[in-house]
Amino acid sequence: MKIRLCLLSLAIASTGAVAGPEKIKFPADYLKGQLYQTLDRPDTKQYRELYTQASVVDAVRRGKPIPSGAVLTLVQWNVFEDANGKPLLGPDGRFIKKEVIAHTVMEKQAGWGAEYPASKRNGEWEYQAFNAQGLPNPKANIDACFQCHLPHAKQDFVISLAKLNNTFPGAHAVAKAKSAKGDVTVASFQFMPATINAAAGKPLTFLNVDDTPHQVSVANGPRSAVFLRGQKASITLDKAGDYAYICGLHPSMKGVISVK
């Protein structure tokens with residue numbers, strides 16, 4: 001029996017069958033990869049960068065699935081602020097990055113994730129959080145990564161896919177979006193207005209003017225499709241009441257719909 005258990009343990013170790021963030025090593029050479037997205041986050045006062053291997057970018061932009069072995073590295077920076085705590089802007093109108101404060105990594109490998117239930121599994125992806133020095137962050141809520149990405153199976157659980165495959169709407173979409181109309185405008189990681197009245201059974205329209213995707217998610221209610229810069233999404237609520245909602249991709253974004 002002992003021999004069989006030892007052999008089983010060796011088999012698990014050799015196949016990497018045990019799921020968990022420990023599978024991911026810090027990608028110390030991520031700067032050798034390709035920077036495919038930068039983002040100002042007014043809600044967290046951060047500047048963010050997304051890197052992956054050039055081979056991954058090349059494959060995806062040729063219409064192929066994200067390959068096994070892909071490593072996506074999110075680098076989080078704090079930013080310079082004025083005396084009132086407002087982020088300062090550089091000549092390009094963007095936040096001025098100061099110091100790296102954390103890294104979040106998602107990695108895809110053949111066979112990964114098979115141990116997870118369907119309510120958690122993100123295909124073959126695993127997640128890990130690291131501090132500024134590249135050491136694992138034991139306080140990180142890795143389950144939150146799975147739950148945030150879980151609704152996005154159609155894009156292989158990668159929220160930044162439109163940036164990765166270069167299909168994200170260009171700057172021209174901003175001008176077009178600003179000339180369009182929506183009941184709620186999504187800008188600078190805020191729903192504006194944060195509280196809005198709506199009629200029961202009538203669609204409520206959201207217009208995204210941010211340089212990032214968003215998604216409207218009503219608590220115990222409907223969830224919109226992911227919508228990019230210059231695009232609209234709508235939801236309909238049939239019963240009167242006050243409904244709290246968030247961005248399904250950025251949960252710190254919150255709003256209330258008051259249905260009459």
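Keep in mind that this is a model prediction, so the values were computed, not measured.
Atom CG of residue Leu228 and atom OG1 of residue Thr167 lie 7.0 Å apart, to the nearest 0.5 angstrom. Tyr127 contributes atom OH, which lies 10.0 Å from atom CD1 of Ile142 (distance to the nearest 0.5 angstrom). With rounding to the nearest 0.5 Å, the separation of CG in Asp242 from CG in Asn197 is 8.5 Å. In this structure, OH in Tyr47 is found 8.5 Å from CH2 in Trp77, a value given to the nearest 0.5 Å. To the nearest 0.5 Å, atoms CD (Gln231) and CZ (Phe168) are separated by 8.0 Å. Distance check, rounded to the nearest 0.5 Å: OG of Ser217 to CG of Leu249 gives 9.5 Å.
Sorted by first then second residue, the salt bridge (charged side-chain N to carboxylate O under 4.0 Å, His left out) pairs that include residues 195-219, not counting sequence neighbours, are Lys163-Asp211, Asp211-Arg229.
Take Asp40 and apply the salt bridge (Lys or Arg N to Asp or Glu O under 4.0 Å) test, not counting sequence neighbours, and it matches Arg94. Annotation: side-chain hydrogen bond (donor to acceptor under 3.5 Å, both in side chains) contacts of Lys260 (sequence neighbours excluded): Ser258. Evaluation of the side-chain hydrogen bond (donor to acceptor under 3.5 Å, both in side chains) rule for Gln46 yields Arg48, Gln76 as partners, not counting sequence neighbours. In this structure, the side-chain contact (heavy atoms from CB on, under 4.5 Å) partners of Asn131, at least two apart in sequence or on a different chain, are Gln133, Leu135. Every salt bridge (Lys or Arg N to Asp or Glu O under 4.0 Å) that Arg41 has, sequence neighbours left out, goes to Asp43. The salt bridge (Lys or Arg N to Asp or Glu O under 4.0 Å) check on Glu49 picks up Lys97, with sequence neighbours excluded. Judged as a side-chain hydrogen bond (donor to acceptor under 3.5 Å, both in side chains), and not counting sequence neighbours, the contacts of His250 are His214. Remark: Thr73 pairs with no residue by the side-chain hydrogen bond (donor to acceptor under 3.5 Å, both in side chains) rule, at least two apart or across chains. For Phe157, the ring pair (Phe, Tyr, Trp, His ring centres under 6.0 Å) criterion is met by no residue, not counting sequence neighbours. Applying the salt bridge (Lys or Arg N to Asp or Glu O under 4.0 Å) rule to Lys64 yields no partners; only residues at least two apart in sequence or on another chain are considered.
Considering Cys145, Pro27, Pro136 as possible partners of Gln128, the one that fulfils the side chain to side chain contact (heavy atoms under 4.5 Å, CB included) test is Pro136. Tested against Phe189 for a side chain to side chain contact (heavy atoms under 4.5 Å, CB included), the candidates Pro42, Ser252, Cys247 yield a single pass: Pro42.
Within the 3.5 Å criterion, the main-chain N or O of Asp156 finds a donor-acceptor partner in the side chain of Trp125. Listed for the Asp143 side chain is no donor-acceptor partner under 3.5 Å among the backbone atoms of Gln147. When atom types are taken as modelled, the side chain of Lys108 and the backbone of Ile66 share a donor-acceptor pair closer than 3.5 angstrom. Under a 3.5 Å cut-off, the side chain of Glu126 and the backbone N or O of Glu107 do not form any donor-acceptor pair. Panel note: side chain Asn84, backbone Lys86; no donor-acceptor pair is recorded below 3.5 Å. In this structure, Thr104 contributes its side chain and Leu74 its backbone to no donor-acceptor pair below 3.5 Å. Without hydrogens or angle criteria, Asn78 side chain to Glu99 main chain gives a donor-acceptor distance under 3.5 Å. With Gln34 contributing its side chain and Thr52 its backbone, the two residues share no donor-acceptor pair below 3.5 Å.
Using a 4.5 Å cut-off between side-chain heavy atoms of Ile, Leu, Val, Met, Phe, Trp and Tyr, with links allowed through other members, Met106 and Tyr51 fall into different hydrophobic clusters.
More than 12 heavy atoms of other residues, nucleotides or ligands lie within 6.0 Å of NZ in Lys120, so this atom counts as buried by the packing criterion.
Of all heavy-atom pairs spanning Phe206 and Phe227, the tightest one is O-CE1, 3.7 Å. Nearest heavy atom pair, residue Val226 against residue Pro213, reads CG1-CB, 3.6 Å. In terms of heavy atoms, Phe191 sits closest to Val184 at CB-CG1, 4.0 Å.
Taking the side chain as every heavy atom from C-beta outward, Val259 and Lys239 never approach each other to under 4.5 Å. For the pair Phe130/Asn137, no side-chain contact is recorded, criterion being any heavy-atom separation below 4.5 Å from C-beta on. With a 4.5 Å cut-off on side-chain heavy atoms, Ile246 and Met253 do not count as touching. By the 4.5 Å heavy-atom criterion applied to side chains, Leu164 and Leu50 are not counted as neighbours. Under the 4.5 Å side-chain criterion, counting only non-hydrogen atoms from C-beta, Val75 is in contact with Tyr30. Residues Leu237 and Leu204 fail the side-chain proximity criterion, which asks for heavy atoms closer than 4.5 Å.
In this structure, Leu88 shares a hydrophobic cluster with Phe80, Ile96, the cluster being traced through Ile, Leu, Val, Met, Phe, Trp and Tyr side chains under 4.5 angstrom apart.
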